[in-house]
Enquirer: 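Structure incoming, see below.
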Amino acid sequence: MDYSALTTSLAESKVDIGMAALCATDERKAVMNFTESYCDSGQVMAVNTETSPKDLTDVSMLESGNYKVAVEKGTASHLYLINAGVPDSCIEVHDTITTAYESLEQGKVDCLLQDGPGMAYYIKTVEDTKLAIVGEEFNQGQSPYAIAISFGCADENEGIVDIMTQAISELTESGTFGELSAEWLE
């Protein structure tokens, strides 16, 4: 399911549970339930080491309107750009993160914004990638990953949010989450 459709489907109780690096933003909390956070992901900016402007080194530079940035529709990174006042004409919105990566790999945009763990994993696992993270992680504390549970599901399954939160606690306390994080999020 496309990411932007996931949040809409959860908000409309067409999907019961969402577990897809879903950020528990204030906007989303108004239309769905969330467990406690299991990862506090900030955003990062990546450039193409061969085609991106060499002077593009910090996310704050995007507000100038001088750079084209790719982003996945409906993500915390997309919301960040909108809230930061980056001109719409400078934002290339993709239905999937895969096509956003392709756009940057092909030099069609100057940079890409995504959650830090996802970007790190892409760079770590894609052979011959031209992408590199530049600047510092930003928007920390504004994009905590959590399990989303539709209001309809929570109404029909009393205590489900607490059960899922308990499962996260158990995975964290046992060290399982740390092992999974090292393998998939770093």
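The structure presented is a predicted model; accordingly, all values stated were derived computationally and were not measured.
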Enquirer: Do F34 and I163 belong to the same hydrophobic cluster, where Ile, Leu, Val, Met, Phe, Trp and Tyr are linked whenever their side-chain heavy atoms lie under 4.5 Å apart, directly or via other members?
Expert: no
Enquirer: Give a yes or no answer on whether the side chain of T8 reaches the backbone of A5 with a donor-acceptor pair at less than 3.5 Å.
Expert: no
Enquirer: With heavy-atom distances below 4.5 Å as the criterion, would you say the side chains of V93 and E72 are in contact?
Expert: no
Enquirer: If you measure from NE2 on H78 to CG on N83, what distance do you get to the nearest 0.5 Å?
Expert: 10.0 Å
Enquirer: Taking only residues two or more places apart in sequence or in another chain, which ones pass ring-ring contact (aromatic ring centres under 6.0 Å, His included) with Y80?
Expert: F138
Enquirer: State, with a plain yes or no, whether a side-chain heavy atom of N66 is found less than 4.5 Å away from one of C90.
Expert: no
Enquirer: Using the rule given for side-chain contact (heavy atoms from CB on, under 4.5 Å), can you reason through L171 versus L180, listing the C-alpha separation, both sets of side-chain angles and the distance that settles it, and then say yes or no?
Expert: CA-CA 10 Å; L171 289 169; L180 292 170; 5.7 Å; no
Enquirer: Give the cluster check for L56 versus L112: same hydrophobic cluster or not, with ILVMFWY residues linked at side-chain heavy-atom distances below 4.5 Å.
Expert: no
Enquirer: Just wondering, more than 12 heavy atoms not from D55 lying within 6.0 Å of its CG?
Expert: yes
Enquirer: Once ring pair (Phe, Tyr, Trp, His ring centres under 6.0 Å) is applied, what residue pairs with a partner in residues 56-75 remain, sequence neighbours excluded?
Expert: none
Enquirer: Taking all heavy atoms of K68 and all of S89, pick out the closest pair and write down the distance.
Expert: NZ-O, 2.8 Å
Enquirer: Looking only at non-hydrogen atoms, find the nearest pair between L113 and V71 and report the distance.
Expert: O-CG2, 4.0 Å
Enquirer: Roughly how far apart are T7 OG1 and M32 CE, rounded to 0.5 Å?
Expert: 5.5 Å
Enquirer: So which atom in L104 and which in S52 form the shortest heavy-atom distance, rounded to 0.1 Å?
Expert: CD1-OG, 3.9 Å
Enquirer: Mind checking side-chain hydrogen bond (donor to acceptor under 3.5 Å, both in side chains) for E136 and listing every partner two or more places apart, or none if nothing turns up?
Expert: none
Enquirer: Can you confirm whether I147 sits close enough to I168 that some side-chain heavy atom of one is under 4.5 Å from a side-chain heavy atom of the other?
Expert: yes
Enquirer: Would you say K73 has more than 12 foreign heavy atoms packed within less than 6.0 Å of its NZ?
Expert: no
Enquirer: Can you measure from CG (L6) to CD1 (I17) and round to the nearest 0.5 angstrom?
Expert: 11.5 Å
Enquirer: I'd like to know whether F177 forms a side-chain contact (heavy atoms from CB on, under 4.5 Å) with C39, so could you lay out the CA-CA distance, the side-chain angles of the two residues, the decisive distance to 0.1 Å, and finally the verdict.
Expert: CA-CA 10 Å; F177 181 76; C39 177; 4.2 Å; yes
Enquirer: Among residues at least two apart in sequence or on other chains, which ones pass side-chain hydrogen bond (donor to acceptor under 3.5 Å, both in side chains) with D58?
Expert: S60
Enquirer: Return the set of residues passing side-chain hydrogen bond (donor to acceptor under 3.5 Å, both in side chains) with S169 (not counting sequence neighbours), or none when no residue passes.
Expert: none
Enquirer: Between CE of M19 and OG1 of T35, what distance do you get to the nearest 0.5 Å?
Expert: 8.5 Å
Enquirer: Sort and list the pairs that fulfil side chain to side chain donor-acceptor pair (under 3.5 Å) and have at least one residue in residues 102-117, not counting sequence neighbours.
Expert: Q43-D115, E92-S103, Y101-Q114, E105-Y122, E105-T129, Q106-K108, D115-Y145
Enquirer: Where do P87 and G65 come nearest, in terms of heavy atoms and distance?
Expert: CG-CA, 3.9 Å
Enquirer: Hey, does L131 have a side-chain heavy atom less than 4.5 Å from the side chain of V47?
Expert: no
Enquirer: Taking only residues two or more places apart in sequence, or in another chain, which ones meet E179 in a side-chain contact (heavy atoms from CB on, under 4.5 Å)?
Expert: none
Enquirer: Would you please name every residue forming a side-chain contact (heavy atoms from CB on, under 4.5 Å) with V31, sequence neighbours left out?
Expert: A11
Enquirer: With sequence neighbours left out, which residue pairs that include part of residues 9-22 fulfil the side chain to side chain donor-acceptor pair (under 3.5 Å) condition?
Expert: E12-K14
Enquirer: Under a single-linkage definition using a 4.5 Å side-chain heavy-atom cutoff for Ile, Leu, Val, Met, Phe, Trp and Tyr, are V109 and M119 assigned to the same hydrophobic cluster?
Expert: yes
Enquirer: Within this structure, what is the CG-CG distance for the pair D26 and L79, rounded to the nearest 0.5 Å?
Expert: 11.0 Å
Enquirer: Would you be so kind as to tabulate the donor-acceptor pairs closer than 3.5 Å made by side chains of residues 148-159, with sequence neighbours excluded?
Expert:
| from | atom 1 | to | atom 2 | distance (Å) |
| --- | --- | --- | --- | --- |
| S150 | OG | C153 | N | 3.0 |
| N157 | ND2 | C153 | O | 2.9 |

Enquirer: Output all residues satisfying side-chain contact (heavy atoms from CB on, under 4.5 Å) with E63, sequence neighbours left out; order by chain, then residue number.
Expert: A84, V86
Enquirer: With sequence neighbours left out, what residues match S174 under side-chain hydrogen bond (donor to acceptor under 3.5 Å, both in side chains)?
Expert: T176
Enquirer: Taking all atoms of both residues into account, what is the closest heavy-atom pair of A24 and K29, and its distance?
Expert: O-CE, 3.5 Å
Enquirer: Do V134 and I123 share a hydrophobic cluster (ILVMFWY, side-chain heavy atoms under 4.5 Å, transitive)?
Expert: no
Enquirer: As an exercise, state the distance from CE of M45 to OG of S77, rounded to the nearest 0.5 Å.
Expert: 12.0 Å
Enquirer: Taking T49 for the side chain and K130 for the main chain, is one N or O donor matched with an acceptor at less than 3.5 Å?
Expert: yes
Enquirer: Could you report the tightest heavy-atom contact between L62 and L81, atom names first, then the distance?
Expert: CD1-CD2, 3.9 Å
